[in-house]
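What follows is a single structure, written as C-alpha cells, with notes after it.
Residue numbering restarts at 1 for every chain, and letters A, B, ... go by the order of the sequence lines.
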Number of protein chains: 2
Amino acid sequence: MSGRVRIVDVASLAGVSTATVSRALSAPETVGRATRDRVMEAVRATGYRVNGAARDLRQQRARSLLILAPNLANTFFSRIFSAIQEEASAAGLAVQISDSRIGREKLVSLGYDGRADGIVLLDGAIDPDVVNGWRLPMIQLCEWNEAYRAPRIGIDNAAAARMAVEHLADLCHRSVLHVSGPDGNVLAVTRREGFSDGVAARGIAGTTLAGDFTLEAGACAARRWAELRPRPTGVFCASDECALGFISECAALGFGVPDDVSVVGFDDIDFAHRFLPALTTIRQPREALGRAAAKALVNLLGLAQVADPGDPAIAPTIVVRSSTAPPPTDDSRVATITLD
Amino acid sequence: MSGRVRIVDVASLAGVSTATVSRALSAPETVGRATRDRVMEAVRATGYRVNGAARDLRQQRARSLLILAPNLANTFFSRIFSAIQEEASAAGLAVQISDSRIGREKLVSLGYDGRADGIVLLDGAIDPDVVNGWRLPMIQLCEWNEAYRAPRIGIDNAAAARMAVEHLADLCHRSVLHVSGPDGNVLAVTRREGFSDGVAARGIAGTTLAGDFTLEAGACAARRWAELRPRPTGVFCASDECALGFISECAALGFGVPDDVSVVGFDDIDFAHRFLPALTTIRQPREALGRAAAKALVNLLGLAQVADPGDPAIAPTIVVRSSTAPPPTDDSRVATITLD
DNA sequence: CTGAAAGCGCTTACAG
DNA sequence: CTGAAAGCGCTTACAG
C-alpha cells in the first residue's frame with residue numbers, strides 16, 4: 001500500500017529526528033538551512049513520500065470529498081463530476097464517488113468511516129435519518145430534500161419549466177404536453193409545478209404524463225402522445241434524454257419534429273446541439289453547478305484559499321434550436337384522424 | 001471527521017478492553033457470548049462505528065480503488081465507472097476517481113499516498129516512469145501503453161475496426177473514409193491499422209482523416225468529406241460521438257445518411273440507438289469491461305471471494321442499425337458537382 | 001532551531 | 001476467552 005520508505009528512514013539517513021523531517025517537508029522555514037538541505041538530500045536519495053493515510057489520521061481529516069449520486073451510469077453527471085474534481089484537486093482534496101443506492105448499511109458507513117471530510121449529495125431520495133446522522137459538512141446539488149440539514153445549490157427548476165412553456169406559448173402552441181419525471185422526485189415535482197403555473201398564466205391547455213427522465217420514457221410518451229385527441233402540438237420533456245427518446249420514437253411513428261410537433265428538453269446535454277433536429281432545451285450549467293458545489297463545500301470545511309467565490313450566476317437559460325416551431329397550420333392530419 | 005465515539009468509549013461502557021470490542025465486532029465467534037452481548041449493547045447505546053481511516057492505517061491497506069481517466073467529463077466512462085464501483089463495493093472497496101491530467105506531481109502522489117490499494121488506468125498517455133513508479137497493483141482498461149507493467153483488459157480494437165470495414169464492403173461500398181482518433185493515441189493507431197488491413201483485404205479504397213473522437217471532430221470531418229472528389233460513400237468514425245457529429249454536420253450540409261453516405265460509429269453509447277438515423281456501430285461492452293477490470297484488480301489484491309471470475313467474453317460486436325445502407329445507385333450528385 | 005514523547009483510533013500477536 | 005502492550009506512519013505541542 002505505502003511506498004517502502006518511511007519518515008524514520010529519512011530521519012536516520014539525515015541524522016535528525018522524524019520531527020525535523022516532518023517540519024522540513026511541511027514548514028521548511030522553521031528548519032535551519034543546513035539541516036533542511038540535509039533532509040532534502042535524504043528525501044531525494046530515498047525517494048521518500050509522505051504516507052497520506054498516516055498524516056490524515058494524525059491530523060484528523062481525510063483530505064477527501066465524497067460524491068453521492070443515484071446512478072453513476074447517468075451521463076448527466078459526467079461534467080458535474082469533472083468540475084467537482086477540478087475544484088477539489090485545486091484545494092488539495094481527493095474525490096471519492098459512490099452510488100447512493102448501495103444499501104442503507106453501506107451508505108451509513110460512508111459518512112462515518114473517517115475517509116471523507118465532506119459530501120456532495122446529488123440524491124434527494126436518501127433517508128433523511130441517514131443523511132442527518134452524518135456529522136460531515138454537506139452540500140445538496142441539483143436534487144434536494146427539505147429534510148436534509150444542508151445548504152442547496154441548483155437552478156430554479158420551476159422557473160426553468162415556466163420558460164419552456166413560455167417559449168412554446170410564444171410560438172402559438174395552444175395545447176402542450178409535459179413528460180415529467182417520476183412522482184417521488186423533487187425535480188419532477190418542481191418542474192411539473194412550473195409547467196402548470198406557466199400553462200395557467202398563458203391560458204393554454206396542459207397535460208402531464210409521468211416518465212422517469214430516460215430515453216425509453218420519452219419513447220413511451222411519444223406512443224401515448226400519438227394516441228391523444230387532439231394531440232398537443234408542443235411537448236416539454238423533463239430531460240434531454242427523454243426528449244431525444246420522444247423525437248426518435250416520433251420518427252418511427254411517422255411524425256416529424258418540429259413539423260408535426262415541437263419538443264423542448266431539459267439539461268442541454270452535450271449531444272443536444274448535434275441531434276437531428278438540434279434540440280431546443282433548458283440549459284442547466286452543469287460545470288458551474290459542480291464547481292459551485294465544490295467551492296461551497298471547501299468553504300464549509302474552512303479550507304478556502306480565496307474569499308467568497310462570488311456566486312456564479314447559476315441561472316437556467318433556454319437555448320432555442322430546431323426542435324421547436326409554430327404549430328402546424330394545416331390541421332388536416334389531426335382532423336382526418338379525429339373524424340375516423 | 002470521525003463520529004464522536006471511539007472504541008475506548010465502547011470498551012469502558014461495556015467494562016472490557018478495546019481489544020475485546022474490536023474482536024466482538026470483527027470476529028464475534030472469538031468472544032464469549034455474554035461479553036459479546038455486553039459489547040454489542042454498548043455499541044448500540046453509543047452509536048459507535050469503527051473509524052475506517054484508523055483501521056486502514058493499522059491494517060496497512062486503504063480499502064479503496066483509484067480510477068484514473070483522461071477526462072472525467074467524457075460520458076463514455078460513465079457506465080464503466082458505475083460497473084467498477086459496483087464490483088468494488090461488493091468487495092468492500094471504496095472508489096476514488098481522478099483526472100489523469102492533473103499534473104505530474106499530483107499524479108505521482110496519488111499512487112504513493114497510501115490511500116489506494118490498486119489502480120484502474122484508463123489513460124495510456126501517462127509517463128511510464130510515473131506509472132511504473134507506483135508500487136500498486138494496476139489494471140489497464142480500454143486504453144493501454146506497452147511500457148506500463150500492468151495487465152490489460154479491453155477489446156481487440158483492430159478486429160473491431162475490420163468489422164466496420166467488412167460491413168461497409170458487404171454493403172458494396174468501394175471507397176471508404178476513416179475518421180480516426182488523434183495521432184498519439186493507441187486506440188486511434190490500432191483502429192486505423194484495423195481499418196487499413198480491412199480495406200486492403202477487401203480491395204477497396206480507403207482514406208483516413210485524423211480527428212480526436214469528439215462531436216466537433218466529426219462535424220469538421222464531414223466538411224472535409226464533402227470536399228473530397230470522389231466522395232467516399234462509406235465512413236467509419238473512431239467513436240460514436242464523432243459519428244454523430246459527422247451525421248449532424250452532413251444534415252447541415254444537405255447530405256442525408258444513409259442515402260448519400262453510410263456512417264458507422266464505435267462504442268455504442270446510450271444514444272446511438274435513438275439517434276436519427278439510429279447509428280450502426282461497433283459495440284464496446286463498457287459495463288462488462290468495467291466489471292472485468294474491477295474483478296481482475298480485486299484478484300490482484302488477493303481479496304477475491306469467488307474463484308476466477310471466468311473471463312466474460314469481452315468481444316466487440318457490430319450492431320447494424322439505420323445509418324448504413326448500400327451506396328447511392330444514382331451517382332448524379334457526385335457527377336454533377338465534379339463537372340462544375 | 002531541534003528532539004523526545006505523546007497520540008490520531010484502531011488491530012493483533014503474545015500471554016495468561 | 002480476555003487484556004496489556006505494541007505499533008501502523010505520521011504530526012505537534014512542549015521543552016530546551
Could you walk me through whether A:V95 and A:L93 satisfy the side chain to side chain contact (heavy atoms under 4.5 Å, CB included) test, starting with their C-alpha distance in whole Å, then the side-chain angles of each, then the deciding distance to 0.1 Å, before giving a yes or no?
CA-CA 7 Å; A:V95 1; A:L93 301 172; over 6 Å; no

Verdict with supporting geometry, B:N71 and B:R101, side chain to side chain contact (heavy atoms under 4.5 Å, CB included)
CA-CA 8 Å; B:N71 176 12; B:R101 322 266 170 127; over 6 Å; no

List the steps and the verdict of side chain to side chain contact (heavy atoms under 4.5 Å, CB included) for B:R55 and B:R63.
CA-CA 10 Å; B:R55 186 215 293 166; B:R63 282 165 37 247; 3.2 Å; yes

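Rounded to whole Å, the separation between the P atoms of D:dC14 and D:dC10 comes to 24 Å. When the C1' atom is compared between C:dG16 and C:dT12, the two are found 16 Å apart, to the nearest whole Å.
Using a 4.0 Å heavy-atom cutoff across all strands shown, B:T30 reaches at least one base atom of the nucleic acid. Contact annotation for B:V8: no contact, since no heavy-atom pair falls under 4.0 Å across all strands.
Relative to the side chain of B:R55, the nucleotides D:dC10, C:dC8, C:dC10 differ in distance, and C:dC10 lies closest. Comparing C:dT12, C:dA4, C:dG9 against the side chain of A:A19 picks out C:dA4 as the nearest. Side-chain atoms of B:L57 lie closest to D:dC8 of the nucleotides D:dG3, C:dC10, D:dC8. Counting only heavy atoms from C-beta on, A:Y48 has its side chain closest to D:dC10 among C:dC10, C:dT12, D:dC10. For A:V50, the listed nucleotide lying nearest its side chain is D:dC10; candidates were D:dC10, C:dC10, C:dC8. Distance from the side chain of A:N51 is smallest to D:dG9 among D:dG9, C:dG9, D:dA13. Side-chain proximity of A:V16 to the nucleotides C:dG3, D:dC10, C:dC10 is greatest for C:dG3.
Rounding to whole angstrom units, CZ of residue A:R6 and C1' of D:dG9 are separated by 9 Å. If you take CG of B:L25 and C1' of C:dG9, they are 13 Å apart, rounded to a whole angstrom. Protein atom CD of B:Q60 is 13 Å distant from nucleotide atom C1' of C:dT12, rounded to whole Å. When rounded to the nearest whole Å, the span between CZ of A:R23 and P of D:dC14 equals 14 Å. A:R61 places its CZ atom 20 Å from the P atom of D:dG9, with the value rounded to the nearest Å. Protein atom CZ of B:R38 is 14 Å distant from nucleotide atom P of D:dC1, rounded to whole Å. Between B:R4 atom CZ and C:dG9 atom P there is a gap of 10 Å when expressed in whole angstrom units. Rounded to whole angstrom, the span from the CG atom of B:D9 across to the C1' atom of C:dC10 amounts to 13 Å.
Nearest-nucleotide mapping onto DNA chain D: of B:S17 and B:A54, the residue sitting toward the 5' end is B:S17.
For the residue pair B:R49 / A:S109, a side-chain donor-acceptor distance below 3.5 Å is found, with atom types taken as modelled. One side chain, A:S100 or A:D123, offers a donor N or O that lies under 3.5 Å from an acceptor on the other.
Here A:T18 does not reach the OP1 or OP2 of D:dC10: none of its side-chain N or O atoms lies under 4.0 Å away. A close approach under 4.0 Å does occur between a side-chain nitrogen or oxygen of B:Q59 and OP1 or OP2 of C:dT12.
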